[in-house]
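The figures here come from the full heavy-atom set of this structure, side chains too, leaving out hydrogens, waters and symmetry mates.
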Amino acid sequence: MGVDVVLYRAVGAGSGRHRVVPAEVLPDPDDVLLDLVRRVRGAGRTPLLDRMDPVGELVVPAAQVPQLLAEVRCLAEVARSTPEMTHVRLLDRLVRRCRQERAMEIRFEGD
């Protein structure tokens, strides 16, 4: 029951409307992300990630990516194992991709 991170791309649907389609997924079948967020939650350094819900969805638009990048660094500080460090590195890569392409958003999708 992990929280998958999904990078979505907005695509035009005509008349100024758009829909979002998944561009890349970082699955979390072993609850690695959940465990990391639990370690940093409530310390005041990760207000976006503190809102992550293991059974819901948290949408982070491209405009909030700089804040999310800072929060991912907090996760890196508490990562202990190789799987945790790898997960943080992959998450960081997704967040940076979102920052580069403004028509994207990141969603943290719980089970």
Side-chain angles (χ1 to χ4, degrees):
M1 179 171 137
V3 174
D4 296 339
V5 182
V6 185
L7 182 65
Y8 282 90
R9 176 186 318 278
V11 292
S15 302
R17 297 186 339 220
H18 71 278
R19 62 186 176 93
V20 292
V21 295
E24 191 171 346
V25 177
L26 175 57
D28 186 25
D30 298 320
D31 294 344
V32 172
L33 180 59
L34 268 177
D35 291 341
L36 288 166
V37 169
R38 284 182 182 131
R39 283 186 221 150
V40 298
R41 179 171 273 145
R45 296 178 59 203
T46 55
L48 280 174
L49 292 174
D50 285 356
R51 295 187 352 237
M52 192 174 75
D53 181 356
V55 295
E57 179 179 73
L58 171 65
V59 178
V60 180
Q64 290 183 304
V65 165
Q67 178 181 344
L68 185 57
L69 276 172
E71 294 184 23
V72 169
R73 284 191 291 274
C74 293
L75 296 180
E77 292 171 6
V78 299
R80 300 177 187 138
S81 67
T82 300
E84 289 176 346
M85 290 181 273
T86 299
H87 201 84
V88 170
R89 183 175 32 80
L90 293 172
L91 176 58
D92 182 78
R93 187 178 56 77
L94 275 185
V95 174
R96 288 178 189 282
R97 184 173 169 201
C98 184
R99 180 179 67 179
Q100 292 170 347
E101 300 179 40
R102 300 302 277 179
M104 294 193 143
E105 67 185 25
I106 290 182
R107 295 183 187 181
F108 293 84
E109 300 177 348
D111 295 332

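- The backbone N or O of Val55 lies less than 3.5 Å from no partner atom in the side chain of Asp111, so there is not a single donor-acceptor pair.
- Under the 4.5 Å side-chain heavy-atom criterion for Ile, Leu, Val, Met, Phe, Trp and Tyr, Met52 and Leu90 are members of the same hydrophobic cluster.
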Take Leu49 and Leu68 through the side chain to side chain contact (heavy atoms under 4.5 Å, CB included) test and state the conclusion after the steps. CA-CA 8 Å; Leu49 292 174; Leu68 185 57; 4.0 Å; yes
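- Counting heavy atoms of neighbouring residues, nucleotides and ligands inside a 6.0 Å radius, atom CZ of Arg45 does not exceed 12 of them.
- The structure places SG of Cys98 at 10.0 Å from CZ of Arg9, a figure rounded to the nearest 0.5 Å.
- Of the possible donor and acceptor atoms, none in the side chain of Glu109 sits under 3.5 Å from a partner among the backbone N and O of Val6.
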When you look at Leu33 and Phe108, which way does the side chain to side chain contact (heavy atoms under 4.5 Å, CB included) test go after all the steps? CA-CA 10 Å; Leu33 180 59; Phe108 293 84; 3.9 Å; yes
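- Residues Leu91 and Leu26 have side chains in contact (heavy-atom distance under 4.5 Å, counting atoms from C-beta outward).
- Leu36 contributes atom CG, which lies 12.0 Å from atom CD of Glu77 (distance to the nearest 0.5 angstrom).
- Gln67 places no side-chain N or O within 3.5 Å of a backbone atom of Gln64 that could act as its donor or acceptor partner.
- Shown here are the side-chain hydrogen bond (donor to acceptor under 3.5 Å, both in side chains) partners of Arg97, two or more places apart in sequence or in another chain: Glu24.
- A distance-only check finds a donor-acceptor pair linking the side chain of Arg41 to the backbone of Asp50 [under 3.5 Å].
- Each of Leu7, Leu69, Val60 was scored for a side chain to side chain contact (heavy atoms under 4.5 Å, CB included) with Val95, with one residue passing: Leu69.
- When the side chains of ILVMFWY residues are joined at heavy-atom separations under 4.5 Å, either directly or via intervening members, Val72 and Val32 end up in a single hydrophobic cluster.
- Using modelled atom types, no side-chain atom of Asp28 and backbone atom of Asp4 make a donor-acceptor pair closer than 3.5 Å.
- No continuous path of ILVMFWY side-chain contacts below 4.5 Å connects Leu58 to Tyr8, so the two sit in separate hydrophobic clusters.
- Considering every non-hydrogen atom in both Pro54 and Val3, the closest pair reads CA-CG2, 3.8 Å.
- Side-chain N or O atoms of Asp31 include none that pairs as donor or acceptor with a backbone N or O of Asp35 at under 3.5 Å.
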Side chain to side chain contact (heavy atoms under 4.5 Å, CB included) between Val20 and Arg107, intermediate numbers included: CA-CA 11 Å; Val20 292; Arg107 295 183 187 181; 3.1 Å; yes
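- In this structure, Pro47 and Glu71 approach most closely via the heavy-atom pair CD-OE2, 3.1 Å.
- Within the 4.5 Å cutoff, side-chain heavy atoms of Val5 are placed close to those of Ile106.
- A salt bridge links Arg96 to Asp92: at least one charged side-chain nitrogen sits closer than 4.0 Å to a carboxylate oxygen.
- When all heavy atoms of Val40 and Cys74 are compared, the pair lying nearest together is CG1-O, 3.9 Å.
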